Amino acid sequence: MDYRKLFLVEAGKRLKLAKMDPGYCGKHVSEKQSKAETEKYCGKLNKLQYLLYAEARQSLLIVLQAMDAGGKDGTVAHAMSTMNPIGTVVTSFKQPTTEDLKHDFLWRVHSHVPAKGMVSVFNRSHYEDVLVVRVHNLVPKDIWATRYSAINDFEKLLWRQNGTRIIKFFLYISKEEQLKRFAARLEDPARNWKISEDDYREREFWDDYMKAYEAVFRKTSTEHAPWYIIPANHKWFRNLAISQIVAETFEDMGIRTPKPQVDLELIKRQYHEAEEQEVTAKPKLARDGKLKMKK
Ligand code: AMP
Ligand code: MG
């Protein structure tokens with residue numbers, strides 16, 4: 001199945017999240033059954049990411065958005081564990097600091113976009129400025145309403161000026177699944193730290209968030225920076241779909257093994273052939289007896 005086609009939000013398309021199934025897993029039935037396929041994509045992803053790093057000509061930005069307990073951290077762990085850390089950076093965007101709030105909303109984001117050769121993952125992102133900010137009226141409507149086009153311009157700039165491909169994932173879980181995950185966090189001492197009262201308070205605004213997300217998809221899914229809505233109730237299916245989409249995006253980028261910067265033949269002649277002569281000379285020395293030590 002081509003998940004890049006199936007889960008893509010077409011530019012300008014109006015969609016209703018309520019009509020989509022967060023529990024979808026296609027023909028797959030379990031983690032065990034889908035493991036080989038996921039591993040195939042992870043292998044591809046690993047090879048191409050390292051090549052992207054070596055090529056150092058373009059970059060990839062992966063944006064992750066979800067409701068609380070939607071699986072952002074788990075996705076980061078899965079996707080990143082398949083990549084070479086030398087070419088990756090993860091940035092988590094929390095509530096803006098006082099200093100951030102003294103600037104335009106993209107100020108804190110811009111310095112974290114990927115340099116050539118790198119993959120950056122945004123764990124939450126500039127989209128919070130049209131999600132939580134819109135839901136809670138943190139700034140007046142005439143301010144947040146103009147942010148969609150500011151975001152599109154910003155993403156276009158990254159693409160045009162620096163060859164940054166952008167893919168944006170919404171990890172879509174159901175409200176019931178969220179409650180189940182909250183309960184699991186309460187039960188498991190190792191995960192107690194992940195739960196907060198805020199999570200329950202935000203849950204009350206579920207429908208407003210869904211509306212805000214729908215507006216985001218309609219206004220900011222573009223050809224060079226598409227949104228994908230990933231059914232994410234099943235963590236293993238989410239990992240399968242995302243690894244396929246990332247691997248195939250890499251494939252599309254035309255990443256090439258970089259050409260050597262030096263004359264390989266010359267280096268071979270100068271260093272390796274000289275070394276070979278040294279090596280063949282050694283047994284002769286050994287035959288002729290031990291080297292006499294200078295007194
Ligand atoms: P978490 O990801 O659960 O650690 O929480 C981070 C919190 O920061 C979430 O509640 C986000 O909604 C909030 N947050 C992130 N970016 C912004 C923003 N630009 N404005 C307001 N709140 C934000
Ligand atoms: Mg939270």
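Every number for a ligand or one of its atoms is a count from 1 in the order of the listing. For the single chain, residues carry numbers from 1 onward in sequence order. Values in this document were obtained by computation on a predicted structure and should not be read as measured data.
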>> Below 4.0 Å, non-hydrogen atoms only: which portion of Glu202 touches ligand 1? Side chain, backbone, both or neither.
In response: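 Neither part.
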
Ring centers of [X], [Y] separated by less than 6.0 Å:
{"X": "Phe154", "Y": "His110", "value": "yes"}
{"X": "Tyr24", "Y": "Tyr172", "value": "no"}
{"X": "Tyr209", "Y": "Phe205", "value": "no"}

> Taking the non-hydrogen atoms of Arg108, is any one of them nearer than 4.0 angstrom to ligand 1?
Replying inline: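 Yes; Arg108 lies near enough to ligand 1 that a heavy-atom distance drops under 4.0 Å.
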
[atom]: which protein heavy atom is closest, and how many Å away?
{"atom": "atom 18 (C) of ligand 1", "result": "Pro96 CD, 3.4 Å"}
{"atom": "atom 8 (O) of ligand 1", "result": "Gln95 N, 3.2 Å"}
{"atom": "atom 22 (N) of ligand 1", "result": "Val132 CG1, 3.5 Å"}
{"atom": "atom 12 (O) of ligand 1", "result": "Glu128 OE1, 3.1 Å"}

> After noting the C-alpha distance and the side-chain angles of Trp227 and Tyr213, does the key distance pass the ring pair (Phe, Tyr, Trp, His ring centres under 6.0 Å) rule?
Replying inline: CA-CA 11 Å; Trp227 273 104; Tyr213 270 110; 7.2 Å; no

> Which of these passes side chain to side chain contact (heavy atoms under 4.5 Å, CB included) with Val119: Leu45, Leu52, Asn84?
Replying inline: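 Result for side chain to side chain contact (heavy atoms under 4.5 Å, CB included) with Val119: Leu52.
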
>> Judged on heavy-atom distance to atom 9 (C) of ligand 1, which of His126, Lys94, Arg124 sits nearest?
In response: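 The option holding the nearest heavy atom is Arg124.
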
Which ligand 1 atoms, with their elements, are less than 4.0 angstrom from a heavy-atom of [X]?
{"X": "Asp68", "value": "3 (O)"}
{"X": "Asp129", "value": "19 (N)"}
{"X": "Phe93", "value": "15 (C)"}

> Arg165 and Thr249: side-chain donor and acceptor closer than 3.5 Å?
Replying inline: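 No, no side-chain donor-acceptor pair sits under 3.5 Å.
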
>> For a side chain to side chain contact (heavy atoms under 4.5 Å, CB included) check, start with the C-alpha distance between Ile242 and Tyr228, then their side-chain angles and the critical distance, and finish with the verdict.
In response: CA-CA 9 Å; Ile242 289 183; Tyr228 297 96; over 6 Å; no

> Which of these, Lys168, Glu128, Arg124, sits in a side-chain hydrogen bond (donor to acceptor under 3.5 Å, both in side chains) with Gln65?
Replying inline: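 Testing each of Lys168, Glu128, Arg124 against Gln65, the sole residue satisfying side-chain hydrogen bond (donor to acceptor under 3.5 Å, both in side chains) is Glu128.
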
>> Between Asp68 and the Mg ion (ligand 2), is there a contact where an N/O/S atom of the residue lies under 2.8 Å from the metal?
In response: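 Yes, since at least one N, O or S atom of Asp68 sits under 2.8 Å from the Mg ion (ligand 2).
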
